[in-house]
Amino acid sequence: MGCSFFPPLSLTHYSYTSVLPLPVGSGVLSGCAIIVRGQPRGGPPPERQINLSNIRAGALARRAAQGQPESKDTPDEPWAFQAREFLRKKLIGKEVCFTVEYKNMHREYGMVYLGKDTTGENIAESLVSEGLATVRREGFRGNNPEQARLCDLEDQSKASKKGLWSEGGGAQTIRNIKYTIENPRNFVDSLHQKPINAIIEHVRDGSVVRALLLPDYYLVTVMLSGVKCPTFKREADGTETPEPFAAEARFFTESRLLQRDVQIILESCPNQIILGTILHPNGNITELLLKEGFARCVDWSMAVYTQGAEKLRAAERSAKERKVRIWKDYVAPTANLDQKDRQFVAKVMQVVNADAMVVKLNSGEYKTIHLSSIRPPRNEGEEKNKDKDKRFRPLYDIPYMFEAREFLRKKLIGKKVRTTESHTNTPCVNQNEYLLSALVSKGLATVIRYRQDDDQRSSHYDELLAAEARAIKNGKGLHSKKEVPIHRVADISGETQKAKQFLPFLQRAGRSEAVVEYVFSGSRLKLYMPKETCLITFLLAGIECPRSSRNTPGGMQVAEPFSDEAMLFTKELVLQREVEVEVESMDKAGNFIGWLHIEGVNLSVALVENLDLSDLHVCIWANYEEKPVEEVVHLSEEKERVANYKPVYVTEITDTLHFYAQDVETGSQLESLMETMRAEIAAQPPVEGSYSPRRGDYCIAKFADGEWYRARVEKVESPAKVHVFYIDYGNREVVSSTRLAPIPPAFSTRTLPVQATEYTFAFIQVPQDEDARADVVDCVVRDIQNTQCLLNVEYSGATCPHVTIQFGDTKEDVGLGLVKEGLVMVDVRKEKHLQKMVTEYLNSQESAKSARLNIWRYGDFRADDADEFGYSR
């Protein structure tokens, strides 16, 4: 068959009257009956059943006939299975020679010899001598030396008390066969995909077998994972019609596995169908069936295959290229793209939804690409369930669409990706199998199912199927049985009344976090405010960019000069990025006006500095005339790093690796204030429920330990849910308003300022991957929370100072230790006075990379396209 799984079979000739040389043992029906077949010629060879004459072995167990309630299961006779096993291990796959002595009711009886002629081992004599069969003495002819020999061997076996003649009757040799399994899925899961020993008892077709699992004797039907062979269709009259190559595929599997000792990995059980992989010392039958063109890959079970789906795809591809058997008429799809055009590096500018994004090529051209083989969340009943009075917004109204878009946005926006296009009609990207698999495994997208003959799919399609199987099993995202998340996002763009009500909150909030959802022009944007869950239109303060072309009631308004350049600059800098905004006022149309900052850069200033816009009108300098000034050369000494470590007590560490610390020098003042305050509260307890909290108020709150602490109200959801921040310790809590009270004036922040100051680590880039970040936070909590340390401010940041912190006893740098352990990456600073520190951190990072510690365990993931995981140089 063109395969080296087993040695080729020898040629044989059939005759009823003479010794038949070199047939091969194909199956053992019982301890005294075997099936032999010869060498295949243009197809599976015919089979013959040979019953051993003059002896009898016990009958094997038989299952009750289906559909006949009166029938019952028949158990093994004593020593029957041992006799069958004796023959199976001695004869299966071996060359035998046999003589046919007589025929009775279409059965042939004779003697079987192991080897090429009758000088080989006599199988009947071996069975009798081992006490596994009895001699038929009826009709005994004394002049028959073969019968006399069998009788002598039986007498010797009796004397030696072997097998059937041993004491006890052989009850211990009877198997307890389990024909059915009450809960197949639990049974498969309980084995944890560990190989179990088995014997293949029957081959239904090339990819479906009946196996006896050892040592518990479960008789189960197993379908090979990931493949399907041609089958035998059962007609209405009970006959079976084979599909093309069905008989050949069954023979291929039978000749290699039938009644062989194998190991089976039970991998899954969808719809009561047990899927598994059969392992034999000479090879994997699944791969061989594909390679020889007897099977095709099937996507629905490929996801559970544990031995490497890429091997199956490669084997199928080999058969297609050679056009063997079921692929004899296969026509390969024509390649539409040259290899050099299929792969390119591009920068992600916008994530449209969970399967599409806009990228910028090195040439400056923009291109829309689609993630291959995945489908974003969609609303199955969109047209039926959509409220006609409410504008449908897919991003927020389709379950998990927002989560999927956010997952890709945070991983990819602004990052360079290596792209491989699959086909030209719909450009697709296999950006990174780990990213796509992560999206699918979180239940934020599903895998597209293709026709069996459709090869236009992701090169990592099998990994996607496996990821989807994990998501379904774990009930993640779209596959969860929990209530779907609801995003109630208020769009107050152009809503003047709502904007007026919202303006004071934004003004008091100072710098607020936002995500740029859309860019209308260089200075007009649409923002999503995550904390306030609303959409607003935002105008940059201080400048007015040229307007783009747009439709008006009077017709198309022509774009002003440099409008496209300004809008492109703003898009590339802030579109779908996380920014900070300061709202100062609003216009008559309900648009908010203020300043927008991204990574410390003021967008208004950046537009003026980076664009040569001759017609750009800077409002506050409209009438300014530049006066000549004398050039003054300032001589200043280069700044040096100042190491002024002060003792602090670390009280709280956040999930983002920010931490709060108290100044040790003022610690005694805080203790004195808390003692006095609690004594006063004990003497005059506040009236429960009398305090109505408002956002921004300072108050006192009763913590879980029953003590009162100073706090600030951050958010009021309801009287039962008030978000407070403990100003002296840095922790947050959601409490009932009944646990709040006004702060006595003698203990306000005027008496003693807020004691918990927020800091973050200098020279460190915190992993954005949730698991990696959790490892870092856990490590820092163990090391420094509720301990006294030494702290030095290195440089200022957008929200808090960046510091280095040392252990109080050893004076070792905590942040440097995290870098050495490979838990974080280095944030490279450009300031000259910090270069000595930066160099020390980078050297430690290289050591961690060389040792492949933690985040570096797979090497330097930043080299190619791994920036989407939230790391950058």
Side-chain angles (χ1 to χ4, degrees), residues 414-416 598-601 634-648 650 653 656-659 661 757-769 772-773 775-784 787 789-873:
K415 307 294 194 316
K416 285 191 175 182
I598 177 169
E599 297 179 354
V601 177
H634 295 278
L635 297 176
S636 60
E637 296 182 2
E638 187 176 323
K639 183 180 177 182
E640 293 184 0
R641 175 178 178 262
V642 178
N644 183 20
Y645 284 90
K646 65 176 182 179
V648 296
V650 179
I653 297 170
T656 58
L657 212 61
H658 286 219
F659 63 91
T757 305
E758 183 180 7
Y759 301 101
T760 188
F761 284 89
F763 313 117
I764 278 181
Q765 187 177 354
V766 181
Q768 293 186 13
D769 178 77
R773 186 170 64 244
D775 291 341
V776 184
V777 173
D778 290 344
C779 180
V780 174
V781 168
R782 290 194 304 269
D783 287 347
I784 65 172
T787 62
C789 301
L790 299 174
L791 178 144
N792 184 62
V793 177
E794 303 293 344
Y795 50 89
S796 60
T799 58
C800 63
H802 291 242
V803 302
T804 52
I805 188 167
Q806 297 179 349
F807 292 109
D809 48 1
T810 62
K811 305 296 189 295
E812 292 181 358
D813 190 329
V814 176
L816 185 62
L818 296 176
V819 175
K820 290 179 179 178
E821 290 296 324
L823 293 169
V824 295
M825 290 174 55
V826 176
D827 181 17
V828 180
R829 302 291 300 184
K830 302 299 183 182
E831 296 92 332
K832 290 185 178 180
H833 69 284
L834 298 176
Q835 290 311 298
K836 184 177 179 181
M837 291 288 290
V838 171
T839 302
E840 185 179 2
Y841 272 65
L842 286 174
N843 290 339
S844 298
Q845 178 173 274
E846 289 303 316
S847 299
K849 284 164 57 179
S850 300
R852 293 185 178 272
L853 299 177
N854 292 306
I855 63 173
W856 308 109
R857 57 186 174 275
Y858 300 122
D860 192 346
F861 49 81
R862 309 169 303 164
D864 298 318
D865 56 347
D867 279 352
E868 75 277 6
F869 288 100
Y871 304 101
S872 59
R873 290 186 182 275

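Remember, predicted model here, so these are calculated numbers, not experimental data.
From L818, atom CG reaches atom CG of L657 across 7.0 Å, with rounding to the nearest 0.5 Å. Here SG of C789 is found 10.5 Å from NZ of K811. Values are rounded to the nearest 0.5 Å. In this structure, CG in L790 is found 8.0 Å from CD1 in I805, a value given to the nearest 0.5 Å. If you take NZ on K820 and CG on N843, they are separated by 10.5 Å, rounding to the nearest 0.5 Å. Atom SG of C779 and atom CD1 of I653 lie 9.5 Å apart (nearest 0.5 Å).
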Legend entry - E840 vs F763, side chain to side chain contact (heavy atoms under 4.5 Å, CB included): CA-CA, chis, key distance, verdict: CA-CA 10 Å; E840 185 179 2; F763 313 117; over 6 Å; no
Inset, instruction - Go through the steps for D827 and H802 under the test side chain to side chain contact (heavy atoms under 4.5 Å, CB included), then give the verdict. - result: CA-CA 11 Å; D827 181 17; H802 291 242; 5.5 Å; no
Inset, instruction - Show your working on side chain to side chain contact (heavy atoms under 4.5 Å, CB included) between V826 and V819 and close with a plain yes or no. - result: CA-CA 7 Å; V826 176; V819 175; 3.9 Å; yes
Legend entry - From CA spacing to verdict: side chain to side chain contact (heavy atoms under 4.5 Å, CB included), V803, F659: CA-CA 10 Å; V803 302; F659 63 91; 3.7 Å; yes
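Of the possible donor and acceptor atoms, one in the side chain of N854 sits under 3.5 Å from a partner among the backbone N and O of E821. Side-chain N or O atoms of K836 include none that pairs as donor or acceptor with a backbone N or O of H833 at under 3.5 Å. N792 places a side-chain N or O within 3.5 Å of a backbone atom of N644 that can act as its donor or acceptor partner. Side-chain atoms of E794 do not come within 3.5 Å of backbone N or O of V642 as any donor-acceptor pair.
Across all their heavy atoms, Q765 and V824 have their closest contact at O-CB, 3.8 Å. Considering every non-hydrogen atom in both E758 and H658, the closest pair reads OE2-ND1, 2.8 Å. The nearest pair of heavy atoms linking R773 to P767 is CB-O, 3.4 Å. Across every non-hydrogen atom of L816 and Y841, the tightest pair is N-OH, 3.4 Å. Scanning both residues, V828 and V838, for their nearest heavy atoms gives CG1-CG1, 4.1 Å. The two residues R829 and E831 have their closest heavy-atom pair at NH2-OE2, 2.6 Å.
The neighbour count for E599 CD, taken as heavy atoms of other residues, nucleotides or ligands under 6.0 Å away, does not exceed 12.
In this structure, V648 and T757 have side chains that are not in contact, with every pair of non-hydrogen atoms separated by 4.5 Å or more. Two residues are said to be in side-chain contact when any heavy atoms from C-beta on lie closer than 4.5 Å; R641 and Y795 fail this criterion. Looking at T787 and I784, their side chains come closer than 4.5 Å, going by heavy atoms from C-beta outward.
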